[in-house]
Amino acid sequence: MIPTRRTLLQAAGAVSVSALAGCSAVDPTGSNDPSQTYTLDVDRIEASPTEYALYEPDDGALFGDPARAALDRILPDGRYTTYGYEPLPDDAYVEYDGSYYQTEQVVTGRKELSRRLVRVESVPSEDVPESAILIDSLEQPSARVLKILHSYTQTGGETSTAELLRDSAYVLRRPAELESRLATGALDGQVVTMTESGTWAYRVHVSRERIMETAYTTLAIDVADSQTAFRDVVFGSRIDVELTEDALAAGVRDLLDQAIERGRHEEKTPLSADFEMLLDALGLGTVDHTANGRLLWYDEGLFRYGLYVNEADE
């Protein structure tokens, strides 16, 4: 087999180690190194690039309502300010009256406001009353807050949602949160549980405090006045790789087509030459661990792809 770039790099590394170690015996092919599995995932997106790039708020009250309120105020040339939260995703593309815009959110100051803060304390299982409320029986604005606090408590603050808290307390800010049972005080002092059996029970504490809130001002920037012009914007900013069949060697093209048909392609090291060339073509040639969420335009189709590198199973 013709040695590939990674095989040569492995061999070079092994030779260097041998030279440093004196008489130590090292396999110059790098076969003593742990084998790795390279998994390429490819998913077809059933939408055009312009359709896929456009942002549309969800139907829910918690996130959808603030997003729609912001869009109503900023399109085509307005401004909208919120305190403590951003109503729209950053750099989202939206369409209005045949023109296309990109949302931007900037910090424009601070303001002291009176807010409701929610905290929880753990309750031993033997002290859980029969009147305890199952968290999943609550509406989303309340249930979500309590689940975030549960995760924070159980992980000792080592949770991905810890950044949503302020000194272990959740601040109610969004309109749906301000109308929830937490905000009205209906759950203050109540015991809530994550399970029907009473496991992971907490007493809820809701307080009102004056805190300094960051002001986020949202606006829309005009980026295109037609769908054709917007397509160029999308390809320039969202599409990571554009490939044509003619640009790929036959073996590489066949491998990509198989990955698209099956949804993935997987190999253990040493990788085949065709797979190495495909990874290079996809901009993944230097990835050592994970790269995902990338977009490919190939054969007049749009695809989401990613690469995952793990130690191979014995």
Side-chain angles (χ1 to χ4, degrees), residues 41 55 57-67 70 82-92 105 107 110 113-214 216 289-293 304 306 308 310:
D41 282 349
Y55 167 73
D58 65 40
D59 294 331
L62 184 58
F63 296 101
D65 286 356
T82 52
Y83 294 91
Y85 72 97
E86 301 175 53
L88 291 168
D90 243 347
D91 300 329
Q105 297 176 109
V107 173
R110 297 192 305 166
L113 295 171
S114 176
R115 294 293 203 194
R116 293 278 190 181
L117 276 70
V118 183
R119 298 178 175 86
V120 297
E121 63 172 321
S122 297
V123 175
S125 57
E126 62 271 19
D127 294 335
V128 177
E130 292 186 3
S131 60
I133 300 170
L134 185 64
I135 289 177
D136 279 339
S137 70
L138 298 171
E139 76 285 1
Q140 184 195 12
S142 293
R144 173 178 171 272
V145 170
L146 296 173
K147 288 178 180 179
I148 289 172
L149 291 169
H150 158 71
S151 179
Y152 180 86
T153 302
Q154 293 300 315
T155 62
E158 299 297 323
T159 173
S160 60
T161 56
E163 63 183 22
L164 299 177
L165 303 181
R166 181 190 183 98
D167 297 331
S168 76
Y170 188 96
V171 183
L172 302 180
R173 297 181 173 107
R174 293 175 175 272
E177 293 173 343
L178 299 179
E179 297 174 357
S180 68
R181 292 183 65 186
L182 282 171
T184 63
L187 297 179
D188 186 29
Q190 295 290 322
V191 174
V192 297
T193 68
M194 289 292 295
T195 66
E196 292 185 357
S197 63
T199 307
W200 295 317
Y202 305 93
R203 189 172 301 278
V204 179
H205 298 284
V206 182
S207 61
R208 182 177 288 279
E209 302 175 25
R210 293 195 67 82
I211 62 174
M212 195 67 74
E213 291 279 58
T214 300
Y216 296 97
H289 298 288
T290 300
N292 53 34
R304 185 189 302 106
Y308 307 88
N310 299 289

_Apply side chain to side chain contact (heavy atoms under 4.5 Å, CB included) to residues Leu138 and Leu187 and explain how you reach the verdict._
CA-CA 10 Å; Leu138 298 171; Leu187 297 179; 3.9 Å; yes

*Starting at CZ of Arg173, measure out to CZ of Arg166 and round the result to the nearest 0.5 Å.*
7.0 Å

*Closest contact, heavy atoms only, Ala132 versus Val128*: CB-CG1, 3.7 Å

*Should Arg181 and Val204 be marked as a side chain to side chain contact (heavy atoms under 4.5 Å, CB included) after you check the CA-CA gap, both sets of side-chain angles, and the distance that decides it?*
CA-CA 12 Å; Arg181 292 183 65 186; Val204 179; over 6 Å; no

*How long is the gap from CD on Gln105 to OG1 on Thr82, to the nearest 0.5 Å?*
7.0 Å

*Mark yes when over 12 heavy atoms from residues, nucleotides or ligands other than Asp167 sit less than 6.0 Å from its CG; otherwise mark no.*
no

*Measure across Ala162 and Gly157 and return the closest heavy-atom pair with its distance rounded to 0.1 Å.*
CB-O, 3.5 Å

*Could you go step by step and tell me if Ile148 and Tyr170 meet the side chain to side chain contact (heavy atoms under 4.5 Å, CB included) rule?*
CA-CA 8 Å; Ile148 289 172; Tyr170 188 96; 4.0 Å; yes

*Considering residues, nucleotides and ligands other than Glu130, do more than 12 of their heavy atoms fall under 6.0 Å from its CD?*
no

*Between Leu117 and Ala169, what is the shortest heavy-atom contact and its length?*
CD2-CB, 4.0 Å

*Can you find a pair of side-chain heavy atoms, one from Leu182 and one from Arg116, that are under 4.5 Å apart?*
no

*Considering only heavy atoms from C-beta outward, does the side chain of Tyr202 approach that of Leu149 to under 4.5 Å?*
no

*Flag side-chain contact, heavy atom, 4.5 Å: Trp200 against Ile135*: no

*Closest contact, heavy atoms only, Gly198 versus Thr193*: CA-CG2, 3.9 Å

*Do you know which two heavy atoms are closest between Thr159 and Tyr152, and how far apart they sit?*
CG2-CA, 3.8 Å

*Does a side chain donor of either Ser180 or Glu177 reach within less than 3.5 Å of an acceptor in the other side chain?*
no

*How far apart are the C-alpha atoms of Lys147 and Asp136, what are their side-chain angles, what is the distance that settles it, and do they pass the salt bridge (charged side-chain N to carboxylate O under 4.0 Å, His left out) test?*
CA-CA 9 Å; Lys147 288 178 180 179; Asp136 279 339; 2.7 Å; yes

*asked:* Let me confirm one number: the CG-OG distance from Asp127 to Ser122, rounded to the nearest 0.5 Å.
replied: 12.0 Å

*Point-to-point distance, once rounded to the nearest 0.5 Å, from CG of Leu113 to CD of Glu213*: 6.0 Å

_What's the separation between atom CZ in Arg208 and atom CG in Asp188, rounded to the nearest 0.5 Å?_
12.0 Å

*Would you sort out whether Arg174 and Phe63 count as a side chain to side chain contact (heavy atoms under 4.5 Å, CB included), showing the intermediate values?*
CA-CA 8 Å; Arg174 293 175 175 272; Phe63 296 101; 3.6 Å; yes

*Nearest heavy atoms of Thr199 and Ser197, plus distance in Å*: OG1-OG, 3.0 Å

_Contact between Arg119 and Ser207 at the side-chain level, heavy atoms closer than 4.5 Å - yes or no?_
yes

*asked:* Could you check whether any side-chain N or O of Arg110 sits under 3.5 Å from a backbone N or O of Thr214, counting only pairs where one atom can act as donor and the other as acceptor?
replied: no

*asked:* I need the Tyr216 OH to Leu88 CG distance, nearest 0.5 Å.
replied: 13.5 Å

